[in-house]
Number of protein chains: 4
Amino acid sequence: MGGFMAKNLLKKGYKLTVFDINKTAIDNVVSAGAKGAESVAEVSQNSEVIVTMLPMNQHVLDTYTGKDGIISSAKKGTFLVDSSTIDPSVSQTVFKAAQKQGLRFVDGPVSGGVIGAKNGTLTFMVGGSKEDYEASKSFLEGMGSRAVHCGDTGMGQVAKICNNMLLAISMIGVSEALSLGEKLGLDPKILTDIVNTSTGRCWSSEVNNPVPGISPTVPSSNDYAGGFGTSLIAKDLGLAQAAATRAKSPIALGSLSHQIYRTMEAHGLGGKDFSVVYPFIRGENVKK
Amino acid sequence: MGGFMAKNLLKKGYKLTVFDINKTAIDNVVSAGAKGAESVAEVSQNSEVIVTMLPMNQHVLDTYTGKDGIISSAKKGTFLVDSSTIDPSVSQTVFKAAQKQGLRFVDGPVSGGVIGAKNGTLTFMVGGSKEDYEASKSFLEGMGSRAVHCGDTGMGQVAKICNNMLLAISMIGVSEALSLGEKLGLDPKILTDIVNTSTGRCWSSEVNNPVPGISPTVPSSNDYAGGFGTSLIAKDLGLAQAAATRAKSPIALGSLSHQIYRTMEAHGLGGKDFSVVYPFIRGENVKK
Amino acid sequence: MGGFMAKNLLKKGYKLTVFDINKTAIDNVVSAGAKGAESVAEVSQNSEVIVTMLPMNQHVLDTYTGKDGIISSAKKGTFLVDSSTIDPSVSQTVFKAAQKQGLRFVDGPVSGGVIGAKNGTLTFMVGGSKEDYEASKSFLEGMGSRAVHCGDTGMGQVAKICNNMLLAISMIGVSEALSLGEKLGLDPKILTDIVNTSTGRCWSSEVNNPVPGISPTVPSSNDYAGGFGTSLIAKDLGLAQAAATRAKSPIALGSLSHQIYRTMEAHGLGGKDFSVVYPFIRGENVKK
Amino acid sequence: MGGFMAKNLLKKGYKLTVFDINKTAIDNVVSAGAKGAESVAEVSQNSEVIVTMLPMNQHVLDTYTGKDGIISSAKKGTFLVDSSTIDPSVSQTVFKAAQKQGLRFVDGPVSGGVIGAKNGTLTFMVGGSKEDYEASKSFLEGMGSRAVHCGDTGMGQVAKICNNMLLAISMIGVSEALSLGEKLGLDPKILTDIVNTSTGRCWSSEVNNPVPGISPTVPSSNDYAGGFGTSLIAKDLGLAQAAATRAKSPIALGSLSHQIYRTMEAHGLGGKDFSVVYPFIRGENVKK
């Protein structure tokens, strides 16, 4: 995703210095006009604004607060945006460390997926002060179509993981309902039409229907390839679960959805779109 | 609900004979122009079309197939519509018994609730042959705004219980997500706005938000009074569960939602709108 | 199971007339000394005590209350025992019909499985009056080692389905705990030893451990063959669920266990011992 | 618990230096013969063996690896035992830090509760090398009746949280089964007797039955006072959940049990024995 985001910034005329542990990823963006760096520190020393997109909590901690990390090498006043989806408490830890060094930091996880990154239609969910949100808006919108202020540091992450938990619940719910209907004799296409004009409607029934053939362009109609991977939603559910445990906030359906996606991962479906829960609960094989 | 449905038919010029075990309910519709009957059989003997609206499986079986029930007393060719929400297999049993006596029968449960019944905006989900659906359309639309053909006998019921199962799942999911966000520091109003323009959006987040104050006119903003009762959605979830058991169709989230609503019923919340799951999972008291 | 039960009675000197829809099953017991019948009615007319063992609710209803069924053909005073595992409300319906005809009836489902039937070590859970329990005790103990009085009619069934629901929950719980331990680095054999001397101990950890190799003689050590089938425990969980819905009694873990076993059935594991949940949650293949 | 453990060591003739952030707790043990310290460091400097018992991950990290913590102040060769119930990965972190300073460390969480601590009947689940386990055995048995070697560092914790997850599942399972039986007309005492001689039997049905009056000396017969608190088992379930997420190990029932106990905590039941789930699912009030 980082590659697409970088290219959109380049198109808007921003000058970029880029780094990734995967050399090919750097070369790819360099060929589009960016300057390649050999380390995180080299990026830090050469940038007024730094945007990171990393897989997990530990990578963010290492990249920001580690030896030769961003916080120890960036110039005073540098503006930092972390677009990774991670634990809100890690964003808050990084923010405090950044602030101590005179740096500005917001968390800005995105929704819209790889396609949104490519097409520049991402939504950024921003956590930080009102001023920092305002300051970040223009270059975030250089990579996406919208930047929403969610609240203080970490609240971008909270918005992201709460939304995605609800998304997982809805997708499994839609799959259970359409599969039950089908087993009882009701055409899933007809049931989808009814649900979509009724109280059961949701994004998963309308836009990313899990039954093959109902929407010809979505993953379910293409052997569940592409889309939002089962492993990725399982990761987000894990973040929601950890935050809920800390907050002592009951999430019965969220937890169960997490476990269902973990079971599916164990069954080798981690790389398939999360709508693959439909054939999974039916015991149907999916083309690998 | 039957009262409102009857009055809408009277307004459209239909002549009605009405019966209810509650005498006051009869008087109420008689005062609006209907003729009152003293028994189910009296209705049957005087009608070309009979519409029933009953609470549970057993009432439907008794009313249709019992001694002096509709099927034994109606004239050949009478058109029967059952608008109760019941087990699809009961609708199929009644249909077979009706057919044997030369009667026509469709199941036509409704969505839209008491308010839809009053305002004539109900949707009928019709299960039966294409011909019977076509034949029923005009007088069903005399009581509502839409009649959808779902498939063969029982499929109206299947559509209804599958939709409502998904509705229950979504409502609990929205409540878990908004409550988790709130405990982590995110304003539920802001999170609602984000969810509603993102992949978590659903009817329960958009139209019947469970957090008091977000939508001023919904039950959550009025001590969870009115709306769609916890006992009623628990009943529909029970029907979904029974059908799923028979079809061996796994409904993990549907089942758990059922159990959550049963627990809430045990805690005295049966009469409150089903969005009351929000304060329930938070351990907050609700004005009784 | 019926075959083994019949043979044990023959060994004790009882005279038997036997019927099954499967002719081979009759021949099998006839070769051990029973008299074969050509219909249920023929058994009824020739017996003072009748024991039935049938798969599902509908079979019991048909066999007892159907045309030419036991109740219409048995002699006054005949003692009836139904050892099927079915819905308690069906036992109560059959009891009332039997009583009306001057027959005595108890429900007496068994625990102990096929092996218990073979070895005569079944436990009968008896529902009926104190007198009927006392009267049934001696011949029930001709087929098993114990007959327990659970309460009025249907209470044998209630005991059976409640016990089996708890059994399903424990088995999945043991599987989750041993699998989690193993993934974290703890030998399942050591964890089993600890659990079995601690507060987590249960029949499923002690007697029917789901991890291959811990108990060499149980199904898990033999590709999960034999034992108590996944489809059978799913059936019992369905009975528990139906009864719980009727009683409005919340069973969150019982319901979820039901759905897990239904998912496993959909994945083709219906014929394997219910301890096969251990490899299922791990995504491991089981020899079919 | 630490106080009771210390007193048992004193009785066996060990010399102790003790510290707690609660001065009263120190005084209590000093009055039994221990020497009080004013800081963790003071204990470290004066001890050959150090045993800690702390509430949560962060307390253990601070006490061992913090400034003036045990690891920076203990003499080379000191033997460290942490009896807290915490995340196994934290035990592993502390072990590595201790090893680097030439210290020995085992994790040794306990089962047996406050009563076990008082009576010296605790079981220690020890994680560490074979040699360290052997070396710790004698003084651990000075505080308990048994020390079991579970495996490498952290495996004591893994054993503890897996056992307690299974315990929580069993307790909720027993409560659902006995409550369902009761609602269907079956005396919980009779059902308990049947379960306890059948396949549903477990520690929670046999020893800590959740139905008031069945076992007169357990918490359920005393308004659920004493015992193993709902907040404590919720904490252990949170540890199991975090470890399971990290290991990608599905724990559907474990997760749901966690959420049920979190809901009960939100309803003000955190201080009650975890068997209080029985009245909770029934919607019954418990004397606070």
Side-chain angles (χ1 to χ4, degrees), chain C residues 88 111 123 125 146 148-152 154-155 158-159 161-167 169-170 172-174 176-187 190-191 193-195 197-205 207-208 240 243-244 247-254 256-257 260 281-282, chain D residues 88 111 123 125 146 148-152 154-155 158-159 161-167 169-170 172-174 176-187 190-191 193-195 197-205 207-208 240 243-244 247-254 256-257 260 281-282:
Chain C
S111 77
T123 292
M125 292 166 261
R146 206 163 63 113
V148 183
H149 189 215
C150 300
D152 275 346
M155 293 306 120
V158 172
I161 62 179
C162 289
N163 180 76
N164 282 12
M165 181 178 86
L166 181 50
L167 172 60
I169 292 169
S170 302
I172 301 176
V174 169
E176 291 183 4
L178 295 181
S179 181
L180 173 58
E182 196 273 343
K183 299 255 181 201
L184 296 172
L186 180 51
D187 182 340
I190 292 176
L191 182 51
D193 288 345
I194 291 167
V195 160
T197 56
S198 184
T199 51
R201 72 177 160 75
C202 57
W203 184 88
S204 295
S205 66
V207 178
N208 192 25
K248 303 191 178 182
S249 188
I251 51 163
L253 296 194
L256 180 51
S257 300
I260 291 170
I281 60 175
R282 296 167 66 84
Chain D
S111 76
T123 292
M125 292 166 261
R146 205 164 64 112
V148 184
H149 189 215
C150 300
D152 275 345
M155 293 306 119
V158 172
I161 62 180
C162 289
N163 180 76
N164 281 13
M165 182 178 83
L166 181 50
L167 171 61
I169 292 169
S170 304
I172 301 176
V174 169
E176 290 182 6
L178 295 180
S179 180
L180 173 58
E182 196 272 343
K183 298 255 181 202
L184 296 171
L186 181 51
D187 182 339
I190 293 177
L191 182 51
D193 288 345
I194 291 167
V195 159
T197 57
S198 184
T199 51
R201 71 176 159 77
C202 58
W203 184 88
S204 295
S205 66
V207 178
N208 191 25
K248 302 189 178 183
S249 189
I251 51 163
L253 296 195
L256 180 51
S257 300
I260 291 170
I281 61 175
R282 297 165 66 83

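Keep in mind that what you see is a predicted model, and the values were worked out from it rather than measured. Throughout, protein chains are lettered first and strands after them, A, B, ... in sequence-line order, and every chain is numbered starting at 1.
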Test item: C:Cys162 and D:Leu186 side chains (from C-beta on) under 4.5 Å apart, heavy atoms: no

Counting only non-hydrogen atoms closer than 4.5 Å, does C:Ile190 touch chain D with its backbone (N, CA, C, O), its side chain (CB onward), both, or neither? side chain

Measure C:Thr123 against the heavy atoms of chain D and call it side chain, backbone, both or neither at under 4.5 Å. neither

Under 4.5 Å from any heavy atom of chain D - which part of C:Asn164: side chain

When heavy-atom pairs shorter than 4.5 Å are enumerated against chain D, which of C:Asn208, C:Asp193, C:Leu256 gives the highest number? C:Leu256

Counting only heavy atoms closer than 4.5 Å, note whether D:Leu178 contacts chain C via side chain, backbone, both or neither. neither

Measure across C:Gly181 and D:Val158 and return the closest heavy-atom pair with its distance rounded to 0.1 Å. CA-CG1, 3.7 Å

If every non-hydrogen atom of D:Lys183 is compared with every non-hydrogen atom of C:Ser249, which pair is closest and at what distance? CG-OG, 3.8 Å

Between C:Cys150 and D:Ile194, which heavy-atom pair has the shortest distance, and what is it? SG-CD1, 3.2 Å

For chain D, the option from C:Ala243, C:Ser170, C:Ser111, C:Gly151 that forms the most heavy-atom pairs under 4.5 Å: C:Ala243

Looking at chain C, which one of D:Asn163, D:Ile281, D:Ile169 has the largest number of heavy-atom pairs inside 4.5 Å, strictly under? D:Asn163

Measure D:Val195 against the heavy atoms of chain C and call it side chain, backbone, both or neither at under 4.5 Å. both

Can you tell which of D:His149, D:Arg282, D:Glu176 has the highest number of heavy-atom pairs within less than 4.5 Å of chain C? D:Glu176

Is C:Leu191 in contact with chain D via its backbone, its side chain, both, or neither, using a 4.5 Å heavy-atom distance? side chain

Go through C:Ser179, C:Gly254, C:Gly185 and name the one with the most non-hydrogen pairs under 4.5 angstrom from chain D. C:Gly185

Option that, when pairs with chain C are counted at under 4.5 Å, heavy atom only, ranks first among D:Ile161, D:Leu180, D:Asp152, D:Val174: D:Leu180

For C:Leu253 and D:Ser257, work out which heavy atoms get closest and say how close. CD1-OG, 3.7 Å

Please look at D:Arg146 and chain C and tell me whether the side chain, the backbone, both or neither of the residue comes under 4.5 angstrom of a heavy atom of that chain. side chain

Closest heavy-atom pair, D:Val207 versus C:Arg201, reported as atoms and distance to 0.1 Å, is CG2-NH2, 3.7 Å

If you count heavy-atom pairs within less than 4.5 Å of chain D, which of C:Gly154, C:Ser204, C:Ala240, C:Ser198 leads? C:Ser198

Nearest atoms (heavy-atom pairs only) where C:Ala177 meets D:Leu166: CB-CB, 4.2 Å

Counting only heavy atoms closer than 4.5 Å, note whether C:Met155 contacts chain D via side chain, backbone, both or neither. both

